[in-house]
Protein chains: 2
Amino acid sequence: MSYAGAVTLADHASPAPRPGRRADAERNRAAIIEAAGEVFAECGGGVDVREIARRSGVGMGTLYRHFPTKDELLVTVLEQQFEAWLTDAHQQAMATEDPWRALTGFFEQTLSTQARNRAVVESLTATGGPSSSCVERCYSIIDQLRTRCVDVGMLRPGVTTEDLFLLSGSLSQAVLSTADSRPGQWRRLLRISLDGLSSRNSEPLPAGTI
Amino acid sequence: MSYAGAVTLADHASPAPRPGRRADAERNRAAIIEAAGEVFAECGGGVDVREIARRSGVGMGTLYRHFPTKDELLVTVLEQQFEAWLTDAHQQAMATEDPWRALTGFFEQTLSTQARNRAVVESLTATGGPSSSCVERCYSIIDQLRTRCVDVGMLRPGVTTEDLFLLSGSLSQAVLSTADSRPGQWRRLLRISLDGLSSRNSEPLPAGTI
DNA sequence: CATTAAACGGAGCATCCGCTCCTGTTGTGC
DNA sequence: GCACAACAGGAGCGGATGCTCCGTTTAATG
């Protein structure tokens with residue numbers, strides 16, 4: 001396996017959860033992360049830091065000792081979520097025998113999760129997208145699924161991992177914009193794209209430059 | 001023709017360009033719109049209003065007399081741009097005889113324009129997307145192109161105008177996210193989607209509800 | 001020109017928000 | 001139990017930013 005299943009995001013939680021810290025500090029850190037997760041999911045990344053401090057029953061000083069910057073907190077929390085989604089979707093995809101169903105199921109699952117967590121996705125986009133480690137993990141999962149499809153000749157020739165990743169982000173936008181008015185319509189677009197990805201379409205794709 | 005080619009956006013320019021106003025006021029209004037267009041395109045919608053005032057050689061008071069709110073100015077300017085793009089793309093599409101080429105050309109043109117005007121698109125998204133009048137106009141253009149394709153049996157059965165509109169917004173995201181690193185890669189996605197839209201795919205699309 | 005109302009300009013107001021500082025408190029090792 | 005370092009907490013700083021107020025200027029009119 002080329003991707004490290006153990007790629008956590010410890011490198012983002014600035015004062016990493018080291019065991020030698022005081023018990024109350026540990027508790028507070030956990031409370032902050034939990035509260036921030038809730039608040040961000042409810043109100044998006046634009047919320048006042050004070051609200052997070054209030055909700056987690058912690059002072060501003062405490063919050064900022066644990067996370068030197070609002071962005072750092074935001075990123076930590078959001079990526080934790082994102083990683084969890086990715087892990088779920090990956091496991092399910094690996095458990096699916098048919099390569100094509102594994103790939104389509106992966107899309108279906110990640111996107112429907114995003115539909116259920118709009119605010120998180122929006123915040124994630126607003127902070128410049130997930131970190132490179134998250135992106136890399138996503139890439140390797142997709143690459144794995146893609147390879148399986150290619151091996152059995154189900155995927156249109158020439159489709160790259162980048163293409164699939166880009167498609168994922170693109171459909172993510174569709175998920176967001178239909179969330180209110182026409183929930184689930186993104187599935188139609190997903191179907192259309194997947195049909196365009198099947199090996200029944202053999203015309204070469206345009207090159208990736210301007 | 002079901003769409004009104006004359007749908008302008010005069011209803012957004014708060015103190016509408018009425019002829020009876022003083023010449024300097026007229027000049028200033030034009031200067032503000034032009035400067036705002038430049039500034040927004042360069043720096044996005046988050047810029048300080050002072051910068052727009054400075055660039056247009058006008059005081060804050062003047063600016064706010066013409067546009068009672070920053071958002072109003074932003075919307076006016078952005079929609080003016082958007083309308084112009086739409087008009088161009090529409091004209092070219094109408095001049096294309098082959099229905100399929102008209103549709104694909106429309107996508108190609110609107111998206112490549114967006115690629116050249118990222119900041120505008122981003123601001124437009126940030127302000128909650130184009131106004132309903134813009135959206136309606138876009139809808140009717142797409143509907144026209146869709147109907148032409150359906151008439152000659154080139155479009156996958158069951159594809160709605162909403163689907164195409166959603167696809168457009170979705171690909172727009174792809175345009176933005178590839179603008180730096182892999183410019184033009186969105187064309188591959190467009191091609192994939194369009195292939196999925198061709199009548200060669202006859203499987204019914206899923207319903208639009210959850 | 002004189003008059004006047006419309007238009008101008010920009011200093012300043014009010015607010016929001018990320019972050020810090022410093023005083024008081026609490027956990028931990030001896 | 002004591003001393004001390006680590007931690008908690010929240011008032012407040014700084015600066016960014018949308019918007020206003022009002023004294024000044026200027027175009028239009030006769």
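Nothing here was measured: the structure is a model prediction, and the numbers come from that model. No hydrogens, no waters, no symmetry mates; every other heavy atom, side chains included, goes into these values.
- In terms of phosphate contacts, B:H66 brings a side-chain nitrogen or oxygen within less than 4.0 Å of OP1 or OP2 of C:dC8.
- For A:R65 against D:dA8, a side-chain-to-base donor-acceptor contact under 3.5 Å is present.
- Within the 4.0 Å cut-off from OP1 or OP2 of C:dG18, not a single side-chain nitrogen or oxygen of A:T69 is found.
- Put simply, CD on B:E72 is 10 Å from P on D:dC19, counting in whole angstrom units.
- The ring pair (Phe, Tyr, Trp, His ring centres under 6.0 Å) pairs that include a residue from residues 108-144 of chain A are A:Y139-A:F165, where partners are two or more places apart or lie in different chains.
- In this structure, CG of A:L73 is placed 10 Å from P of C:dC19, rounded to the nearest angstrom.
- Contact between A:S193 and A:L171 at its shortest, heavy atoms only, is OG-CD2, 4.3 Å.
- Along DNA chain D, the nucleotide closest to B:A23 and the one closest to B:G45 are compared, and the more 5′ of them pairs with B:G45.
- With 3.5 Å as the limit, one finds a donor-acceptor pair spanning the side chains of B:T161 and B:R146.
- Counted by atom type alone, B:D143 and B:S140 present zero donor-acceptor pairs between their side chains at under 3.5 Å.
- Residue side chain B:R22 reaches the base of D:dT26 through a donor-acceptor N/O pair under 3.5 Å, judged by distance alone.
- Atom CD in B:E26 sits about 11 Å away from atom P in D:dA28, given to the nearest Å.
- Rounded to whole Å, the distance from CD1 on A:I32 to P on D:dG10 is 13 Å.
- Taking CZ of B:R191 as the start and CG of A:D163 as the end, the distance is 13.0 Å to the nearest 0.5 Å.
- The side chain of B:N28 contributes an N or O atom lying less than 4.0 Å from OP1 or OP2 of C:dC8.
- If you check C:dC19, C:dA7, D:dC19 against the side chain of B:R21, the one that comes closest is C:dA7.
- Rounded to an integer number of Å, the gap from A:D24 CG to D:dA5 P is 17 Å.
- Contact check of residues 47-64 of chain A against DNA chain D (heavy atom, cut-off under 4.0 Å) returns A:R50, A:G57, A:V58, A:G59, A:M60, A:G61, A:T62.
- For the pair A:F67 CZ and D:dA8 P, the computed distance is 12 Å after rounding to whole Å.
- Using modelled atom types, one finds no donor on one side chain facing an acceptor on the other under 3.5 Å when comparing A:S198 with A:D195.
- Looking at A:S131 and A:R137, their side chains never bring a donor and an acceptor atom within 3.5 Å of each other.
- Regarding B:D71, its CG atom lies at a distance of 13 Å from the C1' atom of D:dC19, rounded to whole Å.
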